[in-house]
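Below is one structure, written out as structure tokens; the observations come after it.
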Amino acid sequence: MENLEKLKKAFSESLEIPPEDINDALSYGNKSWDSVAHLALVASVETEFDIMLASDDVIDMSSFLKAKEILGKYGISF
Amino acid sequence: MESAFNLEGRIAFITGSTRGMGWAEAKLFTKMGATVILNGVHSRELLEQRREELKKEFNVDADGYFFDVGDWAAVQNCYNSIFKKYKRLDVLVNNAGTLEDNLVGMIRKENIANTFSTNTTGVIYNLQLAARLMMRSKSGSIINISSLVGKVGNEGQVVYGGSKAAVIGITLSAARELAPMNIRVNAIAPGFINTDFIKPLTPEIYQQRLDAIKMKRIGQPEDVANAALFFASDLSSYITGQVLGVDGGMIM
């Protein structure tokens with residue numbers, strides 16, 4: 001599976017949003033992305049890519065676009 | 001019949017586990033089948049010795065991390081290593097603690113900073129990262145070692161009591177927040193326990209403390225380890241946000 005698809009899958013499953021609704025504009029506070037869902041999202045992204053994010057990155061991951069940027073620091077390209 | 005206290009297959013990280021209660025917990029958890037990860041900050045030699053002791057007694061290769069629980073970077077490095085090796089964490093015991101008694105008016109600011117760094121800030125650091133590993137499997141048990149002093153106070157222990165009372169507040173709040181992820185958070189409040197902490201006491205103070213215990217004996221580290229095992233095991237699977245006294249009926 002391509003990295004973009006994997007990231008969409010993580011977002012879709014943890015936020016319970018259809019994959020087609022996930023785009024760069026999706027940000028914290030939209031739809032079901034609240035503080036509780038954020039931690040589930042982080043766990044899902046970490047599991048999908050087999051990484052452990054630094055705490056600052058967990059806090060900074062405020063949109064789908066930002067998530068791609070952050071994952072770039074872990075050698076994951078989109 | 002399989003033991004209800006079985007910890008087979010579980011990964012357990014115990015801070016401050018080279019001495020006293022932490023070491024008793026490490027031995028008991030290993031005996032019950034857990035893969036225990038040790039931590040110490042006072043002596044690398046002692047940490048290595050403890051790993052050897054677990055290997056000799058239980059034929060296991062326990063990992064050991066030498067760092068200060070109040071050092072955020074070091075804590076993060078530890079959890080990154082746990083993640084890389086095990087991909088999970090099932091049990092955290094926030095056991096590391098420090099104690100320096102001073103009467104009001106005689107408290108140095110360094111004492112406040114050091115005590116809160118280890119006893120309180122370190123608990124939050126470890127709890128936060130442990131919870132993130134536990135969220136992946138949507139299960140886990142976090143056990144914070146508070147103190148009877150954190151519940152009822154004691155002369156000369158404004159700093160220590162404050163740091164341990166904070167651990168109770170941390171426990172209660174984290175329990176509410178993490179319950180939806182099936183991560184349990186509980187605290188143990190030991191009373192007068194036979195550890196290095198009591199060595200500086202005069203014979204008179206020692207006797208006073210002993211006289212305050214209804215069971216008429218000092219607690220042993222193993223008494224606290226037994227309570228920690230209960231919280232680590234499935235026997236407490238529906239219990240969170242509790243503070244369990246292990247004090248022999250001590251009244252201070």
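Throughout, a chain's letter reflects where its sequence line sits, starting with A, and its residues are numbered from 1.
- Most heavy-atom pairs under 4.5 Å with chain B, from the set A:Val42, A:Thr47, A:Val36, A:Ile51: that is A:Ile51.
- Comparing B:Met135, B:Lys87, B:Arg136 by how many heavy-atom pairs each has under 4.5 Å with chain A, the most go to B:Arg136.
- Nearest heavy atom pair, residue A:Leu53 against residue B:Arg132, reads O-NH2, 2.7 Å.
- Of all heavy-atom pairs spanning B:Gln76 and A:Ser55, the tightest one is OE1-N, 3.6 Å.
- Within 6.0 Å of the CD atom in B:Glu177, the count of heavy atoms belonging to other residues, nucleotides or ligands does not exceed 12.
- More than 12 heavy atoms of other residues, nucleotides or ligands lie within 6.0 Å of CD in A:Glu69, so this atom counts as buried by the packing criterion.
- Contacts between B:Lys84 and chain A at a heavy-atom distance below 4.5 Å are absent for every atom of the residue.
- Atom CD of A:Glu2 sits in a sparse spot, with 12 or fewer heavy atoms from other residues, nucleotides or ligands closer than 6.0 Å.
- The nearest pair of heavy atoms linking A:Met52 to B:Asn80 is CB-OD1, 3.6 Å.
- For B:Leu133, the part lying near chain A is the side chain, with the backbone staying farther off; criterion is any non-hydrogen pair under 4.5 Å.
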